[in-house]
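Okay, structure first, notes after.
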Amino acid sequence: MTGSLTTHILAARYLRDDENSFTDVCRRVADAIGETQREKETFFSEMHSLRFLPNSPTLMNAGTENGQLAACFTLPIGDSLPTIFDALKWGALIHQSGGGTGYNFSKIRPKASPVRELDGMASGPVSFMQIFNQATEIIRQGGRRRGANMGILNADHPDILTFIHAKEREGDLANFNISVMVTDAFMACIRDGKQDSVWTTHPATGDEVTVGDIWDAITGGIWKNGEPGVLFYNEINHHNPTPLLGEIDAVNPCGEQPLLPFESCVLGSVNLTRFVKEDHIDEVGLKQTTGIAVRMLDRIIDKNTYPLSRIETATKRTRKVGLGVMGVHDTLLMLGIPYDSAKGRVLCGHVMECITTAAVETSHVIAVESDSFPAWDNSRWNKCPMRNAALTCIAPTGSISLLADCSPGIEPVYSYAYTRRHTAGSSFAMLHPLFAQDLATAARDRFSSQPEVDQEINAVISHLRRTGTVQDINWLPASFRRLYKTATDISWKDHIRMQAVFQPRVHAAISKTINMPHSATDDDIAAAILFAWGSNLKGITCYRTGSRREVVYAIGEET
Ligand code: ADP
């Protein structure tokens, strides 16, 4: 591992007091999770080679006094103070241990409804979200990172407009991502132009909210600052592997895990760049790593220290794990295939199919060796023994992709040269190594003298730092520009197309940002959400360039 950012992340997040290197971290984690010496060695080797990394809580906490290893949790909230404040307390414990929580606040009665016990008026779900936000602010996870929440409200809740506007002012509910849960019936109204249909009526005041009111608030909110996200209830529940255990109304903070109340899920990601062999993907190696990763994630379920016994019970009933990929765009670059091309999508579909198939095979083998997950009898898997009710998803890999030094999840590279401000305060000048190499070749082909070559290379990098794109540099060959598109160069349709390639090939869901240009309108955003729904996605998160001040990647900043 090279590069100061990687070293910085390692020290700031993962090293314990008595550790000096990534090797130490891998050793600690493998020793804590592996059952036999052979298993410990296998797990160590997969992590140390950066072929596979489990989620941050495992890397931080395995083998320490805080043995909480999962990233994703969802907690139920009812319409009573005890259930609301129970969830607040449990959420605090989860954050303290390094996890993120998702909540659906829809059961809380709307603002201005009567409260019988007090002869007063209810304050509504959004007022309670403020308390959850504040609690998260206070509980910093051992100083390592701030907690994360997903707040969800169903579109038919009478407070839906207040909810959608709750983050309008930058800084409000800063520890929440918010999402509106919509049904197919709601989306059909949009598709069919039935914007005037009344979607929800306040039980006490009689105020009506139409489909159009909700839709305009959603698209307007996204235009303004990228929120809310939209979750597609029917698609999520259509793929619920254990429908008899109940419906799914919540997802974890970044959206990749729809979970039942009290379930938790440990994630892990295969670094696809490690499987590039000249002009193809080493599928044999990929399947082998997938098998080991599934065994490791499944072991973690038993080795984990759960923040609450109800979470342990719910998690062990379905034994869901979340195996995904990272380094997808880097892999495409290594193979010379544009992200937004049919060829790229075919390759990605094939790779994800390969991973999920191998994961299911391994889960089946473990079930035969030991047992299926306890709720298996009543699950959609009940024809074939399975250890885990769900195996694959696509996580953001925000931190572990930095450790592995690859592009995050299935996202396109944000910029090939930029300044990265780390939350700990330092900043790093980044230059993508493949880009740098191909740029040098292109410059040597085009310019004759070395000083000219150097000067043009520097000009490109400085242009990139300033603007984030090379698409407008005319001397660069068309094929170079075609390959080195960034997240903001790629059209929103192609972003969604890539998400749609992965979705049917993973069991759970996908964390992905659909980047839209600064010039995108409300209508473009509406079209994107409809396209996502029509593409059978489980949710969509859009971001219009420049609509938020606080961004981790700082383009235009000199180093
Ligand atoms: P990492 O790369 O650190 O393993 P990801 O960026 O892939 O993590 O995020 C995976 C999940 O971890 C998120 O969807 C969320 O549930 C949880 N998570 C991420 N960041 C935080 C945070 N700061 N606090 C709590 N949970 C988090």
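First listed ligand is number 1; within each ligand, the first listed atom is number 1. Along the sequence shown, the residues carry numbers beginning at 1.
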Task: For atom 5 (P) of ligand 1, the option (of N177, L53, T136, T397) bearing the nearest heavy atom - done: T397

- [ ] Find all atoms of ligand 1 within a distance of less than 4.0 Å from any non-hydrogen atom belonging to G398, and give their numbers and elements.
- [x] 2 (O), 5 (P), 6 (O), 7 (O)

Task: Identified side-chain contact (heavy atoms from CB on, under 4.5 Å) partner of V180 from the options I152, I164, L231 - done: I164

- [ ] Find out whether the Lys NZ or Arg CZ of R387 is both under 6.0 angstrom from the six-membered ring centre of F373 and within 45° of the ring's axis.
- [x] no

TODO: Could you verify whether a donor N or O on one side chain and an acceptor N or O on the other, from D330 and H432, lie under 3.5 Å apart?
DONE: yes

Task: Contact atoms of ligand 1, heavy-atom distance to E256 under 4.0 Å - done: 10 (C), 11 (C), 13 (C), 14 (O)

Open item on the list: Test your reading of the model: is there a side-chain donor-acceptor pair from T541 to the backbone of T513, 3.5 Å cut-off?
Closed with: no

Open item on the list: For a 4.5 angstrom cut-off between non-hydrogen side-chain atoms, does S264 reach T315?
Closed with: yes

- [ ] Find all atoms of ligand 1 within a distance of less than 4.0 Å from any non-hydrogen atom belonging to A395, and give their numbers and elements.
- [x] 7 (O)

Open item on the list: Checking the N or O distance criterion of under 3.5 Å, is ligand 1 in contact with S401?
Closed with: no

Task: Aromatic plane relationship, Y416 with F435 - under 30° parallel, 30 to 60° tilted, over 60° perpendicular - done: parallel

Open item on the list: Below 3.5 Å, N or O to N or O, backbone or side chain included: is there any such pair between C254 and ligand 1?
Closed with: yes

Task: Polar atom proximity, A71 to ligand 1 (N or O, under 3.5 Å) - done: yes

TODO: Report, in ascending order of atom number, the atoms of ligand 1 lying under 4.0 Å from any heavy atom of G100.
DONE: 25 (C), 26 (N)

- [ ] Within a distance under 4.0 Å of any heavy atom of N55, pick out the atoms of ligand 1 and give their elements.
- [x] 4 (O)

- [ ] Taking atom types as modelled, find out whether T64 and N66 have a side-chain donor-acceptor pair closer than 3.5 angstrom.
- [x] no

Open item on the list: With no hydrogens and no angle check, just 3.5 Å: does a side-chain donor-acceptor pair link N234 and T183?
Closed with: no

- [ ] Identify, by atom number and element, the atoms of ligand 1 in contact range of S399, meaning under 4.0 Å from any of its heavy atoms.
- [x] 1 (P), 2 (O), 3 (O)

Task: Per-atom contacts, ligand 1 versus P396 - under 4.0 Å to a heavy atom - done: 5 (P), 6 (O), 7 (O), 9 (O)

TODO: Give the atoms of ligand 1, by number and element, whose distance to some non-hydrogen atom of G99 is under 4.0 Å.
DONE: 25 (C), 26 (N)

Open item on the list: I400 versus ligand 1: do any nitrogen or oxygen atoms come within less than 3.5 Å of each other?
Closed with: yes

Task: Region of L267 engaging ligand 1 - heavy atom pairs below 4.0 Å - done: side chain

- [ ] Examine distances only and state if a side-chain atom of K538 and a backbone atom of E235 form a donor-acceptor pair shorter than 3.5 Å.
- [x] no

